[in-house]
Number of protein chains: 2
Amino acid sequence: MLNKNDVVPLYIQLKRILRSQILNGVFKEMDMLPSETQLMKKYQITRTTIRKAIAELNQEGLVQQVHGKGTFVRLRETKDTVWNFQGFSDLARRQNQKPITKVLEKETYQTDGNHFMKLVRLRGLKSEETTTWMTIDTSHVPLKIFPNVEDNDFSSTSLYKLMRETYHIFPHYANVNIEPIISTPIIRERFELPEDQALLRSSGIVLTESNIEIERIEIIYSPNFKFKLSQYI
Amino acid sequence: MLNKNDVVPLYIQLKRILRSQILNGVFKEMDMLPSETQLMKKYQITRTTIRKAIAELNQEGLVQQVHGKGTFVRLRETKDTVWNFQGFSDLARRQNQKPITKVLEKETYQTDGNHFMKLVRLRGLKSEETTTWMTIDTSHVPLKIFPNVEDNDFSSTSLYKLMRETYHIFPHYANVNIEPIISTPIIRERFELPEDQALLRSSGIVLTESNIEIERIEIIYSPNFKFKLSQYI
DNA sequence: TAGTGGTCTAGACCACGGT
DNA sequence: CCGTGGTCTAGACCACTAG
């Protein structure tokens, strides 16, 4: 339910509720969300506020509004529109494939008096008998914000899930640079590439809703990753 | 002024007015737009409608709303956040550099009974004595929608400006795939690259606000291009 | 304190989709 | 026809910024 006295605006509270219901499967792919009228009654707020929440979910690509019909979950659309920092596990689940993670490095270090965990993971999708490697992720997370995070087994635990559920910190926004690179021997070996080829690398930071920096990240994408991008002109 | 009987919603009419005023320099970089209250009086519409227009300009990256201060033009921010289909000339102007275009190919052809113009351009920025090549653009535009477009001299005329001003058709949305490639001898020669290296290539379609396909495009980006991307998680 | 944008209410009328 | 989302009005109160 919503708290009208909370400092968090109602439409953001509602957005979080709906988003988590979608990600947790309360509403599934292609399901219709409750209509705006129904949500008005349920949460006792006006349609304007409802529509603001839904408009942002739409913008984030989680739902699709269709005039005259309703508002529908669309996990499908996002599945190949992936500069995905959505969390790899979420992504995999949407494709009905099992995420698989190999931890290549995990260590803590100190710089300028601040402690960090460095985590390098090889990530892929497993379906039946083939494993497709997709990315090599390198994360740096501040221990000040996530104390003892290094004690987790990241081959079975999602970093973003941990952030949300254990630390109640919500990754919200990513700001990254994109560049093409040519694979190195190490990358070739990890991705099992037959020959050197061009790949994409992104690097940047992940922020919370209040612009707190919670992660520095580098992702190298395998050629198995397909990128789609839509942009307003 | 706005036409309340037009089928085009008021907030879209207003958005177009403000956008063209920004692009045409009526409001310059860092200028403050008229406040929402002033716009209410000027256009005789309610603040909700104003805010919807401005919110979309914000989303498109053209303005920045600052609580307690005002709404400001921010051409600067977008200047390196470029998967820019914004039109190369617009982009160059924002960087206070001169766009320079070399037409490499221009021809019309027919396929499935439809006529198209194919246009290949090498594009760059000229500042003082150096020219920096940025992209190789290949465009396919339907002559059915843009009759006689092939008669233009594209070394001095912007394609998008032509679409807008001569044909009154507004590019609005781009849907593209991104992939890394390794340069070919032809590309190396055109970009004057000392050696083969990884580059980015995007290809896709450009649509109007009513989802009419007006262009198929391929862009190869030189290493001089820097990409920044922001995304909600 | 005055002016700005941010949130929210309580309505209204419309256009679209399916029955 | 009814239910859906799309647009718009006319207010209200709040939080932030700056003089």
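The sequence lines fix the lettering, A, B, ..., with proteins before strands; numbering per chain opens at 1. Predicted model only: the values in this text are computed from it and were never measured.
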Check whether any side-chain nitrogen or oxygen of [X] sits under 4.0 Å from OP1 or OP2 of [N], and answer yes or no.
{"X": "B:K69", "N": "D:dA18", "result": "yes"}
{"X": "B:K4", "N": "D:dT9", "result": "yes"}
{"X": "B:T37", "N": "C:dG3", "result": "no"}
{"X": "B:R51", "N": "C:dG6", "result": "yes"}
{"X": "A:Q65", "N": "D:dT4", "result": "no"}
{"X": "B:T71", "N": "C:dG5", "result": "yes"}
{"X": "B:T49", "N": "D:dT9", "result": "yes"}
{"X": "A:Y11", "N": "C:dT7", "result": "yes"}

Task: Sugar-phosphate only, base, or nothing, as touched by A:S35 at under 4.0 Å among non-hydrogen atoms - done: sugar-phosphate
Open item on the list: Need one value for A:I54: base, sugar-phosphate or nothing, where a base atom within 4.0 Å counts as base even if backbone is also close, heavy atoms only.
Closed with: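 If one applies the 4.0 Å heavy-atom cut-off, A:I54 turns out to touch nothing in the nucleic acid.
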- [ ] Let me know, please, whether A:Q44 or B:G70 comes out on the 5' side of the other along DNA chain C by nearest nucleotide.
- [x]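 It is B:G70, whose closest nucleotide lies nearer the 5' terminus.
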Open item on the list: Which label fits B:F116 and B:Y109: parallel for a plane angle under 30°, tilted from 30 to 60°, or perpendicular past 60°?
Closed with: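 It falls in the parallel class, under 30°.
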Task: Short side-chain to backbone donor-acceptor contact, B:Q13 and B:N3, under 3.5 Å - done: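 At least one qualifying donor-acceptor pair exists.
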Open item on the list: Treating A:D112 as the side-chain partner and A:N114 as the backbone partner, does any N or O pair qualify as donor plus acceptor under 3.5 Å?
Closed with: no
Open item on the list: Nearest to the B:P9 side chain among C:dT7, D:dC8, C:dG17, which nucleotide is it?
Closed with: D:dC8
Open item on the list: Between D:dA15 and B:H67, is there a base-stacking contact, meaning the centre of the base's six-membered ring lies under 5.5 Å from the residue's ring centre while the planes stay under 30° apart?
Closed with: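 Stack criterion met.
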Open item on the list: Would you say that more than 12 heavy atoms from the other residues, nucleotides or ligands in this model lie under 6.0 Å from the CZ of B:R216, or not?
Closed with: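 Not buried by this count: 12 neighbours or fewer within 6.0 Å.
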TODO: Please examine the side chains of B:E150 and B:K118, heavy atoms only from C-beta on, and report whether any two atoms are closer than 4.5 Å.
DONE: no
TODO: Write down the distance between CG (A:D6) and P (C:dT7), rounded to a whole number of angstrom.
DONE: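 In whole Å, C:dT7 P and A:D6 CG are 13 Å from each other.
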